[in-house]
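Every number for a ligand or one of its atoms is a count from 1 in the order of the listing.
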Amino acid sequence: MNSEVASLRAALRESPAVVALTGAGVSAESGIPTFRGAGGLWRTFRPEQLATPEAFARDPRLVWEWYDWRRGIIQRAAPNPGHRALADIERRKGDGFTLVTQNVDGLHDRAGNRRPVKLHGDIWQTRCIRCGTVTLNREVPLVLLPPRCPCGGLLRPGVVWFGESLPPLEWQRAVEASRQADLFMLIGTSAVVYPAAGLAEMAHEAGARIAVINPERTPLCGLAEWTLEGAAGEILPNLISP
Ligand code: BV8
Ligand code: ZN
């Protein structure tokens, strides 16, 4: 693996335009369970059950119990060496680096990344389903489940559920960066959720070199020039040239 790490480290240093797409795996070493891997969140719940507008309409309290539980875990979590390495890469490459994340935990912000592209929203935001007001809410645990807006409307988590479209401006930023990328790294994602995973295919079609960092194989490994099998928190710090 060392020569592969050295080769990817050189490509990362030399590529003018780099995109990293992260998933739940980069937060695993911070103690936040992933969705689909071993011990994943979905073990006890299925996506269709909870991360959908229908589930929320049917049982807003159950959906909020799940998000309240996750918010508690996230609040106690800290960025790990993988998050910090991605912030370091951004400091070194500036506009030549775009961090795109599927994660809603905010750990990239806390590690120092300045403008992560958040494709699936932010678990610390709420949105009123009646008046649309978006509020930052860091209450852990939530006193009232489900929480209510001053207008009396139900608040929902400020995240993107299955069947919902992604925030247009964030999606546009991600597409533009992916189409111009010389190097596209898939880090800690099972690459099964679209349209996020499609960014790697878009980048590849536009000529980008692909790297995958994941202890497990993913459906997009076939596109990869580098497949580093291991934990992001261990591999990413080695990609930074001294
Ligand atoms: C859309 C909410 C259309 C926030 C999430 C049937 C019905 C409805 C929709 C669909 C359907 N079939 C397909 C679809 C499309 C659907 C989809 O892709 N479904 C999949 C499951 C087949 N997509 C959508 O619905 C999207 N919207 O298509 O809209 C549309 C278009 C136009 C107009 C209107 C509508 C919306 C997708 C967003 C869904 N929301 N979450 C939240 O609660 O968090 S998705 C959920 O999965 C999370 O956001 C998560 O980020 C995302 C992806 O998962 P990963 O991040 O990859 O995490 P996972 O656990 O899967 O994998 C972790 C990986 O890490 C593993 O590979 C593991 O090996 C690795 N790992 C573990 N430890 C480490 C590690 N790696 C590195 N280091 C370690 N230490
Ligand atoms: Zn309201």
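The 12-atom threshold is not exceeded at CG of Leu169, counting heavy atoms of other residues, nucleotides or ligands nearer than 6.0 Å. Counting non-hydrogen atoms of neighbouring residues, nucleotides and ligands closer than 6.0 angstrom, the CZ atom of Arg115 reaches no more than 12 such neighbours.
Checked against a 3.5 angstrom limit, the closest N/O atoms of Phe35 and ligand 1 fall inside it. In terms of polar-atom proximity, defined here as any N/O pair under 3.5 Å, Trp66 makes no such contact with ligand 1.
For atom 76 (N) of ligand 1, the nearest non-hydrogen atom from the set Gly198, Pro215, Gly233 belongs to Pro215. Residue Gly188 holds the heavy atom nearest to atom 63 (C) of ligand 1 of all those in Gly23, Gly188, Ala231. Evaluated by nearest non-hydrogen atom to atom 28 (O) of ligand 1, the leading choice among Tyr194, Phe162, Tyr67 is Tyr194. One option in Arg70, Glu229, Arg217, Glu216 has a heavy atom closer to atom 44 (O) of ligand 1 than any other, and that option is Arg70. For the residues Ile123, Val160, Val212, Ile187, the heavy atom positioned nearest atom 2 (C) of ligand 1 is part of Val160.
Taking every non-hydrogen atom of Val159 and a distance limit under 4.0 Å, the qualifying atoms of ligand 1 come out as 4 (C). Near Glu29, the atoms of ligand 1 lying under 4.0 angstrom from a non-hydrogen atom of the residue are 78 (N), 79 (C), 80 (N). Residue-ligand proximity, Ala232 to ligand 1, at heavy-atom distances under 4.0 Å covers atoms 77 (C), 78 (N), 79 (C). Close contacts of ligand 1 with Gly163, meaning ligand atoms under 4.0 Å from a residue heavy atom, involve 24 (C), 25 (O), 29 (O), 35 (C). Listed by number with element, the atoms of ligand 1 under 4.0 Å from a non-hydrogen atom of Asn214 are 66 (C), 67 (O), 68 (C), 69 (O), 70 (C). Residue Val192 has at least one heavy-atom neighbour below 4.0 Å for each of these atoms of ligand 1: 18 (O), 20 (C), 22 (C). Contact atoms of ligand 1 toward Trp161: 36 (C), 39 (C) (distance under 4.0 Å to a heavy atom of the residue). Residue Ala24 approaches ligand 1 through these ligand atoms, each under 4.0 Å from one of its heavy atoms: 55 (P), 56 (O), 58 (O).
Using a 30° and 60° split on the angle between ring planes, Trp161 and Phe56 fall in the tilted class, from 30° to 60°.
Side-chain N/O atoms of Asn137 and Thr126 include no donor and acceptor closer than 3.5 Å.
Between Ala200 and Leu220, the shortest heavy-atom contact is CB-CD1, 3.7 Å. Of all heavy-atom pairs between Ser190 and Thr218, the closest is O-CB, 4.0 Å. Nearest heavy-atom pair, Gly233 versus Pro81, reported as atom, atom and distance to 0.1 Å: O-CB, 3.5 Å. Nearest heavy atoms, Cys131 versus Thr133: SG-OG1, 2.8 Å.
Under 4.0 angstrom from ligand 1, the non-hydrogen atoms of Val104 all belong to its side chain. Contacts between Ala28 and ligand 1, counted as non-hydrogen atom pairs separated by less than 4.0 Å, involve the side chain only.
Residues Val159 and His120 fail the side-chain proximity criterion, which asks for heavy atoms closer than 4.5 Å.
For Asn214 (side chain) and Gly188 (main-chain N/O), no donor-acceptor pair under 3.5 Å exists by modelled atom type.
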